[in-house]
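Below is one structure, written out as structure tokens, with a few remarks after it.
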Amino acid sequence: MTSEPVEDDIFFEKNKNDFINKLRLWRNKKKISAREMSIALGQNVNYINLIENGKRLPSLAGFFAICDFLKITPEDFFGNQIELSEFSENEILSLFSSLTPGQINSIITMIQEFK
């Protein structure tokens, strides 16, 4: 007898790649290894690696545990506002202040190409 997929399984399956990418981004932002995170969540040492490699998906309860561990809300998890820079705004401004106008223009041109 085949069981019907539960609602959270359907959600994660439809959003699998986005979920995997967000998990990896958040984990890297928090500077924790997949193994360390798996153990901290009380799971098998390969738990996060299996998720990030698309071989397993967390239950809804598992997803909430991941968010709690990362100290973010589910809304934060799927949001587009992940700060990936390890530098604060003040540190970046300080670095810029030591550059020549030509160097600054080169950096701005390069940044504009990423838009």
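Scope of the values below: all heavy atoms of this structure, side chains included, with no hydrogens, waters or symmetry mates.
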Quiz item: Hey, what do you get for SG (Cys67) to CD (Glu75), rounding to the nearest 0.5 Å?
Solution: 11.0 Å
Quiz item: How would you list, by chain and number, every residue that makes a salt bridge (Lys or Arg N to Asp or Glu O under 4.0 Å) with Arg35, sequence neighbours excluded?
Solution: none
Quiz item: Can you pull the salt bridge (Lys or Arg N to Asp or Glu O under 4.0 Å) pairs that have at least one residue in residues 45-54, sequence neighbours excluded?
Solution: Arg24-Glu52, Arg27-Glu52
Only distances under 3.5 Å count here; give the side-chain donor-acceptor pairs of residues 39-51 to other protein atoms, sequence neighbours excluded, each with its distance to 0.1 Å.
| unit_1 | atom_1 | unit_2 | atom_2 | d |
| --- | --- | --- | --- | --- |
| Asn44 | OD1 | Asn46 | N | 2.7 |

Practice problem: Determine which pairs satisfy salt bridge (Lys or Arg N to Asp or Glu O under 4.0 Å) with at least one residue from residues 56-67, sequence neighbours left out, and list them in order. | Solution: none
Exercise. Determine whether Met37 and Ile66 make a side-chain contact, defined as any pair of heavy atoms from C-beta on separated by less than 4.5 Å.
Key: yes
Exercise. Output the distance between atom CZ (Phe63) and atom CZ (Phe78), rounded to the nearest 0.5 Å.
Key: 4.5 Å
Exercise. Treat each ILVMFWY residue as a node, draw an edge where side-chain heavy atoms are under 4.5 Å apart, and state whether Ile72 and Leu60 are in one component.
Key: yes
Exercise. State which residues pass side chain to side chain donor-acceptor pair (under 3.5 Å) with Ser33; sequence neighbours excluded, sorted by chain then number.
Key: Glu36
Quiz item: Going by heavy atoms in the side chains, are Phe77 and Leu23 under 4.5 Å from each other?
Solution: yes
Quiz item: Does any N or O in the side chain of Asp76 come within less than 3.5 Å of the main-chain N or O of Thr73, such that one atom is a donor and the other an acceptor?
Solution: yes
Quiz item: How would you list, by chain and number, every residue that makes a side chain to side chain donor-acceptor pair (under 3.5 Å) with Thr109, sequence neighbours excluded?
Solution: none
Exercise. For residues Pro58 and Phe64, determine if any side-chain heavy atom of one lies less than 4.5 Å from a side-chain heavy atom of the other.
Key: no
Exercise. Establish whether Phe69 and Ile20 are linked, either directly or via other cluster members, by ILVMFWY side-chain heavy-atom contacts under 4.5 Å.
Key: no
